[in-house]
**Q** 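The structure is given below, and queries will be raised subsequently.
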Amino acid sequence: MSLQGKTAVITGSNSGIGLGIAWEMAKAGADVVINSFTDRPEDHDLAAQIAKETGVTARYIQADMSKASACRALIEQAGNCDILINNAGIQHVAPIDEFPEDKWDAIIAINMSSAYHTTAAALPKMRAAGWGRVVNIASAHGLTASPYKSAYVAAKHGVVGMTKVVALETAQEPITANAICPGYVLTPLVEAQIPDTMKEYNMSREDVVKNVMLTRQPSKEFATVEQMGGTAVFLCSDAAAQITGTTISVDGGWTAL
Ligand code: NAD
């Protein structure tokens, strides 16, 4: 699968799933734009490392995905945008009657509205290029719910709904829109929680992973960022040209339960 000549813009990609997708896109030959709200030397270093190891053009563009104008500016600054991966996301956990309003607004803005702004800015570029792929990183929580995650579940269900609309609006064009719905993915953030949880429950690493973290993931294994990247690359392949408006769960069976 070669994505040579394509440019992929991945929001929220200086760590975790977004960074994993950026690497897989670059390995498949796409030029990549990685992004977050920070502007540190190490952010730019990530792009330089991807470029050095894969030979593609890789740039880091700072843009705060909680702000409409910054979302649109990211796409403008990217130049070409053949592949748009909406991945930026945050989480906050609290009962709905105690859920802080500012957290609600931030989660809706970053996890959902940013995908509207970037998609609106990117579609004219895809149309001009005669090819495009929108891949939204939703979640198992875009299809099911858990208590205390009202804003996250609302935003992720919203992303899944918007994905279907974008697919219908582009159905007769060489553009597709799909959502990947990950289960629990082993990101640095998740890995960092394991030692504390081991101490808290006096459990082995294996028990924490299987019986605390992965209670809802029947495979009892984390999904990986490489698998998210591989799924995104597949959605950009010719084999996926008629796959549009749907969700692909990469969740070890979570949503089959
Ligand atoms: P992460 O915290 O490693 O990555 C989130 C990324 O978003 C980071 O690069 C962060 O800098 C960026 N970001 C946060 N706020 C931003 C803002 N205002 N502007 C721009 N960038 C911003 O977490 P992750 O697990 O890699 O999550 C990535 C996506 O995958 C999220 O949308 C998340 O909801 C989704 N997801 C993760 C899991 C999981 O188990 N890790 C499961 C399902 C879905």
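What you see is a predicted model; the values in this text were computed from it and never measured. Every number for a ligand or one of its atoms is a count from 1 in the order of the listing.
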**Q** Please, which pairs that meet side chain to side chain donor-acceptor pair (under 3.5 Å) have at least one residue in residues 141-154, sequence neighbours excluded?
**A**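 For residues 141-154, and leaving out neighbouring residues, the side chain to side chain donor-acceptor pair (under 3.5 Å) pairs sorted by first residue read H141-S146, S146-R216.
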**Q** Donor-acceptor check, side chain of N35 to backbone of A63, threshold 3.5 angstrom: yes or no?
**A**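 Here the side-chain-to-backbone pair exists.
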**Q** Taking any residue with a non-hydrogen atom under 4.0 angstrom from an atom of ligand 1, which ones do you get?
**A**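 Around ligand 1, where the cutoff is 4.0 Å for heavy atoms, the contacting residues are G12, S13, N14, S15, G16, I17, N35, S36, F37, A63, D64, M65, S66, N87, A88, G89, I90, I110, I137, A138, S139, Y152, K156, P182, G183, Y184, V185, T187.
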**Q** Kindly give the heavy-atom pair with the smallest separation between P182 and A138, and that separation in Å.
**A**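 Shortest heavy-atom separation between P182 and A138 comes out as CD-O, 3.5 Å.
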**Q** Quick one: closest heavy-atom pair of T176 and A241, and the distance?
**A**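 Nearest heavy atoms, T176 then A241: CG2-O, 3.4 Å.
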**Q** Is L74 reachable from I34 through a run of hydrophobic residues whose side-chain heavy atoms are each under 4.5 Å from the next?
**A**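 No, because I34 and L74 fall into different hydrophobic clusters, even though each may have its own neighbours under 4.5 Å.
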**Q** Quick check: closest heavy atoms across S249 and T255, and the distance to 0.1 Å?
**A**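 In terms of heavy atoms, the two residues are closest at OG-OG1, 3.4 Å.
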